[in-house]
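Have a look at the structure below before the remarks.
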Amino acid sequence: MNDKAVIRLRIGYAVLALVVAVVLATWFVVPSGSANAAADSFVGPATWPRAMLIGIALCSGLLVLRNVLQYAHAQRARTLTAHPLDEQFDNRKAAIGIALLTLYVVAMPAIGFALATVAFLLVWLPFGGVRKPRVLASVAVLGTIALLYAFVKLTTLPLERGTGVFDSVTVSLYRVLGIY
Amino acid sequence: MRRTTFIAGMAAIFAWCSVASAQEKFPSRPIDMIVNFGPGGGADQLGRIASQLLERILSVPVPVSNIVGASGNTGLAKVASAQPDGYTVGVITGLSISSWAAGMGRLSVNDFAYLGVVQSSPSMLFVVIDSPVKNYQQLLDAAKASPGKLKVATAGFGTLDDFAVKYLAKKGFAMVNAPYAKPAERYTSILGKHTDVLFEEPGDVAQFLAAKQMRPIVVFGDKRHPEFPDVPASGEFDQHVDLPNWRALVASPNVPKDRVDALSAGIAKMTDTAEWKKFCSETYTCITKMNPADSKKFVQKNYDDAVAFLKESGGDPKK
Amino acid sequence: MDALASVYGGMMAALQPLNLVVLFMGLLVGVLAGALPGISFVNAMALSLPFTYLMSPLVAMAFLGGIYVGGVFGGSICSILLNIPGDPDSVPSCWDGYPLSKKKGSVYALSVAITASAIGGLVSALILTFAAPPFARFALSFDQPEFFAATLLGLVSVLAVCRGKLLVGLISLFTGITLGSVGADPLYGVQRLTFDVPMLENGIDFVVVMIGIFAIGEVLEACSARVGADLRVKDSARMGLLSLRDIWKLRGSISRGTGIGCIIGTIPGGGAAIGALVAYGIERQVNRQGGQFGTGVADGLAAPEASKNATTGTALIPMLTLGIPSSAGSAIMLAALVLHNVQPGPLLFTKQPELLYTIFASFLLANVFMIIVSMAVARGFGLVMKTNPTILYAFILVLSLIGAFAVRNNMADVIVCVGFGIVGYLMQRFQFPTAPLVLGVILGPLAEGYFMTSIANYGTLTVFFTRPVAAVIISVALLFVVWSLLPKRSASEGPMPQQASNG
């Protein structure tokens, strides 16, 4: 990615930030029709966030200015350093990681922490290169059980048990393990 | 062949689980106690003592979790939406009810099954021990003479405390509401003489009373408090407001009646124990027992009073 | 002297075998909880409360005190070895701690940390033991304007890490503060920036943001790096105390950090996080090598380390003398005392002095034994980190989600956490500073609350300049801003540090 493209991208992001900040500050800070008369006074709920958003808008504006000036210079002066990071990140792996995490979090309230965690580990570990079935199974199952003992039994943290039939399954599982 | 056995097995397990859970004796596993305020406060103390005593009475663990936020509404929302199997109970206080009256949150009185109101104490005004204000009459005179000068340390805007300050202002005794959401900072403010008066319930400042660092100057209500016979009631000054600070235990509304009864019976037994009696007397909150039906009536009345009070002090209540 | 006699008596009582065992257990739980990313020591203390029911008040205080002291330090282990802060107060420790461990080995970095922490903690415990009442009077003189000034100083100190990227750093900071204001406002309870989404109505908790951006973000980054990021610890993560000569070299940062921590610990609303942050910021301005902070300067690690442990002892002062907790950790210890029918306050000094002095003695011992316990845990950590990175990351992720859940027992926080994990990864990808955002979420709501309440109480903006203490602190903060706008003295600013130490 060459320098001029980088600067154009930066300008784009800065303008976006500016616009979003201004829009939020004007309309979305407090719900409209807020019955509280104090909402518009100085000592009110909107002041601080609005001030912060205005700050963002100002800084974004200054960034736009600075980058525009740099752009002008870039056309005649020496090159800036290129974006080094593009070579360093593997988008595919990151996307898979994000997808797996998202599925895990969605699954947790549905099927309960215990089942979701075992499932997550069973999928994540092979992707990371842990493929031997015995290692896989023992880490996933024993690891989850250890966590259950530590958190649900010892510290009585009410981790999700899932809904409906999965709730009952988790409760029975806890009973079998001696947690309940 | 192996796969079908596996599936049949799983199906059988699922079926057994669902049936088994419906027929068990209640309670047969831990009951989650949700306290909707932070550790150390009045609601938390109630939750923890109740959890200890109920564990003994009901023979199952009763682990406490603090789920804080939005004047207690976050924790209450969790109780209201919990599985209606009786294994989730929570603490509810007058603070949250007043917040509903002020339009906060999406909950209402009918969103809970009431297991019993277990604590109540009146609101009072306190001053630091060497304050120039010696009694309530002096406070009222000073407020009338210099309106907007005296500062009342309260729990914030939109609370019962706020309504009281506004009510007094309407009656001609204008004082400034100095909001301190955190009790620690509120008490520091009065002890450090940054504010003039403190709005609180006696139990929350018991240690300062015992150490003779603060003293009460008025009780809000029509009757004097038996523990403080020399402190006048606001009714004696023609200020007829009743601002009780109460706490109750609740469960989600669709819990089967037999389980609600089992829980409230346990709670009734709890209030008979010596430990409970010691706790409530030290926090000035002992009351006569209330069964679920009376408890719900009490809470409803409290809500209606809060709405009326808010209107009277010039606020803008939710219908 | 009376006090010394009482301390001796307290020490004898504190050295009883049962007390010692419980103290060690508490330290172990604390250091572990702090060291594990996702679980904070405040969580651990709250979760341990029920266990204290069966203990006598003394033993309960030894246990919780151990968790508190150990926990405040524990987060540093993770910060230094993994660049993932185990706790909000360990965030500044990442900035120079992690690069230092890469430059000079984790043994040296960990040793700097534990030495500084032990010194800070001990001084604080000594102040607690011998100077509690005057310190308490000092704490009472602070009101909202002073709290605002301290928080402002903390916020400005964050910018200290943004060398050369001030505008982007400011955007990050303002964004963090804006995120912190989502939900009900502290004074009126009006919903802000929630777009009618129920999940946002409880606000965005800073621990959740921290875990998301730093822990999950770090794991995602490591997973996706083409050039295999080797998380494995190459040397043995052994640590010990620094030699006296080495301590002498760091005497400036350690003393400054200790002083700052002791003062901030006493202020209600202060706490280890603000203490560490302000100490780092001030050290960076004052130290000869300030311009190179972020590349692994030992002073940059020693200052926040000393400061955060220095907040623990003095935090107990208002709690024990007035019954007013000044930090989350001391609030839980207060709850435990109340549960045991011990009312902290002036009466405690007159009615139960033996209990008090035993608590003081336990606290002193805790700061000493913390060294041993931390060494053991760090060793264990080093061993664990030699396992397969995939397994390590997987469990860091799961623990992080458990930690996010444990904050408010709320599933919504877990979703928000993963969301911020993705945001953190993207921010790193685009070299956008992450620390100001996280610290903005932590300190923003505090600053706003104090600011608004000050104006509500005092009616005018000038109060910040008429009250002497507030005025002094605000002036220091303004000086910081000016200092960071000026061109730096040292020509080379060093390479941009990674992740949590991100500029």
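Because the structure is predicted, anything quoted here is derived from the model rather than measured. First the proteins, then the strands, lettered A, B, ... as listed; each starts at 1.
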Report which part of [X] has an atom under 4.5 Å of a heavy atom belonging to chain A: side chain, backbone, both, or neither.
{"X": "Ala44(C)", "result": "neither"}
{"X": "Ile39(C)", "result": "side chain"}
{"X": "Leu401(C)", "result": "side chain"}
{"X": "Leu399(C)", "result": "side chain"}

Are any non-hydrogen side-chain atoms of [X] and [Y] less than 4.5 angstrom apart?
{"X": "Thr390(C)", "Y": "Trp124(A)", "result": "yes"}
{"X": "Tyr104(A)", "Y": "Val418(C)", "result": "no"}
{"X": "Val106(A)", "Y": "Ile415(C)", "result": "no"}
{"X": "Trp48(A)", "Y": "Ile177(C)", "result": "yes"}
{"X": "Thr47(A)", "Y": "Met452(C)", "result": "yes"}
{"X": "Phe405(C)", "Y": "Met108(A)", "result": "no"}
{"X": "Phe120(A)", "Y": "Val398(C)", "result": "yes"}

[X] versus chain C, the contacting section by heavy-atom distance below 4.5 Å:
{"X": "Phe127(A)", "answer": "neither"}
{"X": "Leu121(A)", "answer": "side chain"}
{"X": "Ile56(A)", "answer": "both"}
{"X": "Val139(A)", "answer": "both"}

Shorter than 4.5 Å, heavy atoms on both sides: which option in [options] has the most such pairs with chain C?
{"options": "Leu58(A), Leu63(A), Ile96(A)", "answer": "Leu63(A)"}
{"options": "Leu100(A), Leu147(A), Thr117(A)", "answer": "Leu147(A)"}
{"options": "Val130(A), Val105(A), Val135(A), Thr144(A)", "answer": "Val105(A)"}

[atom2] on [Y] to [atom1] on [X], rounded to 0.5 Å:
{"X": "Arg192(C)", "Y": "Arg50(A)", "atom1": "CZ", "atom2": "CZ", "value": "11.0 Å"}
{"X": "Cys59(A)", "Y": "Leu166(C)", "atom1": "SG", "atom2": "CG", "value": "7.5 Å"}
{"X": "Leu220(C)", "Y": "Leu101(A)", "atom1": "CG", "atom2": "CG", "value": "6.0 Å"}

Looking only at Val414(C), Ile402(C), Ile422(C), Ile455(C), the option with the highest number of non-hydrogen pairs under 4.5 Å against chain A is Ile402(C)
What residue in Ile391(C), Thr453(C), Leu170(C) has the most heavy-atom pairs under 4.5 Å with chain A?
-> Ile391(C)
What is the minimum heavy-atom distance between Pro49(A) and Leu193(C), and which atoms define it?
-> CB-CD1, 4.4 Å
Let me see the working for Leu53(A) and Phe174(C) under side chain to side chain contact (heavy atoms under 4.5 Å, CB included), right down to the final yes or no.
-> CA-CA 7 Å; Leu53(A) 287 167; Phe174(C) 290 147; over 6 Å; no
